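Since the structure comes first, as structure tokens, the remarks are kept for the end.
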Number of protein chains: 2
Amino acid sequence: MKSKGETVRKHIVGTAHQLFYRRGFNQTSFSDIAAAANVPKGNFYYYFKCKNDILAAVVEHRLQAIQAQLQLWDDELSDARDCLRRFVDMLHREHAVIVRYGCPMGSLNLELCKTQPELHAHATRMFDLYRDWLERHFEQLRYTRDDAADLTLHLLAATQGAALIANTYKDAQFLQREADRIQQWIDSL
Amino acid sequence: MKSKGETVRKHIVGTAHQLFYRRGFNQTSFSDIAAAANVPKGNFYYYFKCKNDILAAVVEHRLQAIQAQLQLWDDELSDARDCLRRFVDMLHREHAVIVRYGCPMGSLNLELCKTQPELHAHATRMFDLYRDWLERHFEQLRYTRDDAADLTLHLLAATQGAALIANTYKDAQFLQREADRIQQWIDSL
DNA sequence: GTCTATAAGAAGATAGAC
DNA sequence: GTCTATCTTCTTATAGAC
């Protein structure tokens with residue numbers, strides 16, 4: 001049984017997550033979150049002592065969601081190559097929001113890297129989850145540790161680049177084409 | 001002969017350009033620019049009527065610089081493939097700042113796409129210059145118009161992805177490796 | 001053209017009643 | 001736990017003296 005406070009807290013985190021993605025972290029004000037979550041501004045500080053703490057909670061929440069997703073893929077797919085393909089499939093499934101707002105991880109990283117290194121480190125952890133998971137699956141394809149690490153970064157770069165250019169030019173078709181191209185590259189490994 | 005005002009204006013634009021890149025547009029305040037340029041805040045509004053106008057001037061300045069650079073490459077290199085390679089060389093030449101602040105165009109686009117579509121359109125024009133130029137050179141390699149357009153977006157995505165991941169993980173070596181990989185891809189065309 | 005002073009509003013954060 | 005009122009600081013922007 002969840003306490004009332006827990007429910008409200010999660011509601012705030014969910015709302016903040018959406019706003020941080022759609023408006024950017026720095027461009028999202030306390031009032032924005034309060035208004036969208038229907039929670040009075042003052043009440044906020046009962047749950048979070050500052051704005052950065054909300055981001056921390058949002059990232060924590062995202063990390064758990066990503067973990068659960070990766071676990072699901074592992075349970076569902078036995079072939080390592082299928083796992084890599086499923087990762088790239090995200091570009092297909094999320095094409096609408098990617099074209100509109102970019103990749104949630106990529107844009108957060110690029111925003112925070114400039115003047116908020118403490119927060120940036122926080123955001124990098126989302127990439128780390130995918131990175132570690134992808135590396136393991138490349139190793140299952142009998143690549144050495146070093147090669148798997150390099151191929152992983154290459155794959156992350158390919159997906160991030162596709163997302164960024166699709167966003168820049170609002171071009172969902174390019175995103176699809178690029179995702180297909182990456183899939184073919186995986187098949188060729 | 002330049003008027004005094006012209007000189008000051010250019011100085012402001014140059015300073016703003018640096019700060020917008022290093023801190024992000026929204027995170028750069030008027031006072032930041034004024035302090036860095038040693039121009040009193042109030043004096044600013046003699047040259048620009050609002051903050052958005054400074055961005056417009058910065059972008060205009062960048063567009064001219066990019067145009068001049070592309071022209072130089074065209075004058076210097078006769079082979080279309082060499083031109084494409086020279087474009088990718090930017091990742092090598094600029095690796096230090098890319099790792100630190102990301103790609104100036106990519107990060108600006110990703111920042112402005114979220115809540116400032118008017119400004120985003122402005123920033124996209126920088127990509128357009130490279131896009132048109134790259135397309136022309138792919139066509140010189142006897143690709144059809146459509147293929148050249150697709151290959152251009154693919155190349156832009158590859159460079160943007162490399163820059164973003166190198167920035168995320170502060171990994172200059174990866175950026176070099178990825179640039180080499182893209183060069184090899186160009187050679188294979 | 002240059003600069004100071006300041007208005008007007010929004011931001012993050014706090015105090016304290018309920 | 002919830003909410004209102006408020007403080008402080010920082011923002012963009014303006015007025016007007018020099």
Side-chain angles (χ1 to χ4, degrees), chain A residues 1-59 108 111-112 114-120 122-123, chain B residues 1-20 22-59 108 111-112 114-120 122:
Chain A
M1 196 68 175
K2 264 179 228 157
S3 73
K4 180 87 180 290
E6 268 297 284
T7 310
V8 172
R9 202 192 129 93
K10 283 202 169 143
H11 176 59
I12 292 174
V13 169
T15 306
H17 167 56
Q18 296 267 16
L19 289 175
F20 288 166
Y21 176 34
R22 289 170 154 76
R23 307 175 45 91
F25 173 71
N26 289 310
Q27 288 298 98
T28 302
S29 76
F30 246 131
S31 314
D32 291 335
I33 306 172
N38 257 308
V39 174
K41 246 172 40 161
N43 201 0
F44 254 77
Y45 291 85
Y46 173 75
Y47 294 99
F48 307 95
K49 80 169 203 294
C50 65
K51 194 185 168 189
N52 288 2
D53 277 17
I54 302 186
L55 181 65
V58 165
V59 169
L108 190 63
E111 179 181 2
L112 300 178
K114 302 205 179 243
T115 52
Q116 291 131 305
E118 348 65 74
L119 300 180
H120 178 254
H122 225 90
Chain B
M1 198 69 176
K2 264 178 227 158
S3 73
K4 180 90 180 287
E6 267 298 284
T7 310
V8 173
R9 202 191 130 95
K10 282 201 169 143
H11 177 58
I12 294 174
V13 169
T15 306
H17 166 55
Q18 296 267 16
L19 288 174
F20 288 167
R22 288 169 153 77
R23 308 176 44 92
F25 172 71
N26 290 309
Q27 287 298 99
T28 302
S29 77
F30 246 136
S31 313
D32 291 335
I33 307 172
N38 257 308
V39 174
K41 251 173 29 168
N43 202 358
F44 254 76
Y45 289 86
Y46 173 75
Y47 294 99
F48 307 95
K49 79 170 202 296
C50 66
K51 193 184 169 190
N52 288 2
D53 276 17
I54 301 187
L55 180 65
V58 166
V59 169
L108 190 63
E111 178 181 2
L112 300 178
K114 302 202 179 248
T115 53
Q116 290 132 303
E118 347 65 74
L119 300 181
H120 177 253
H122 225 92

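Proteins get letters first, then strands, A, B, ... in listed order; numbering begins at 1 in each. Only heavy atoms go into these numbers, but all of them, side chains included; no hydrogens, no water, no symmetry mates. Not measured: the values here are computed from a predicted model.
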Please name all residues satisfying ring-ring contact (aromatic ring centres under 6.0 Å, His included) with [X], sequence neighbours left out, ordered by chain then number.
| X | result |
| --- | --- |
| F48(A) | none |
| Y46(B) | none |
| F44(A) | F30(A) |
| F25(A) | F20(A) |

Does the pair L55(A) and L112(A) meet the rule for a side-chain contact (heavy atoms from CB on, under 4.5 Å), with working shown? CA-CA 11 Å; L55(A) 181 65; L112(A) 300 178; 3.8 Å; yes
Which is true for Y47(A) with a 4.0 Å heavy-atom rule: it touches a base, it touches only sugar-phosphate, or it touches nothing?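 The residue Y47(A) makes sugar-phosphate contact but no base contact.
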Across nucleotides 5-13 of chain C, 5' to 3', mark each nucleotide with B, S or - according to how protein heavy atoms within less than 4.0 Å reach it. ------SBB
Under the rule for side chain to side chain donor-acceptor pair (under 3.5 Å), what residues qualify as partners of Q27(B), not counting sequence neighbours? none
Just report the end-to-end axis angle for the helix from dG1(C)-dC18(D) to dC18(C)-dG1(D), five pairs per end, to 10 degrees.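 Result, rounded to 10 degrees: 10°.
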R23(B): which residues meet the salt bridge (Lys or Arg N to Asp or Glu O under 4.0 Å) condition with it, sequence neighbours left out?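 R23(B) satisfies salt bridge (Lys or Arg N to Asp or Glu O under 4.0 Å) with D32(B) only.
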Partners of [X] by side-chain contact (heavy atoms from CB on, under 4.5 Å), sequence neighbours excluded?
| X | answer |
| --- | --- |
| H17(A) | V58(A), R62(A) |
| K49(B) | D53(B) |
| A36(A) | T15(A), L19(A) |

Hey, where on DNA chain D does chain A first and last touch, going 5' to 3'? Cut-off is any atom under 4.0 Å from a heavy atom.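 Counting from the 5' end, contacts occupy dG1(D) to dT4(D).
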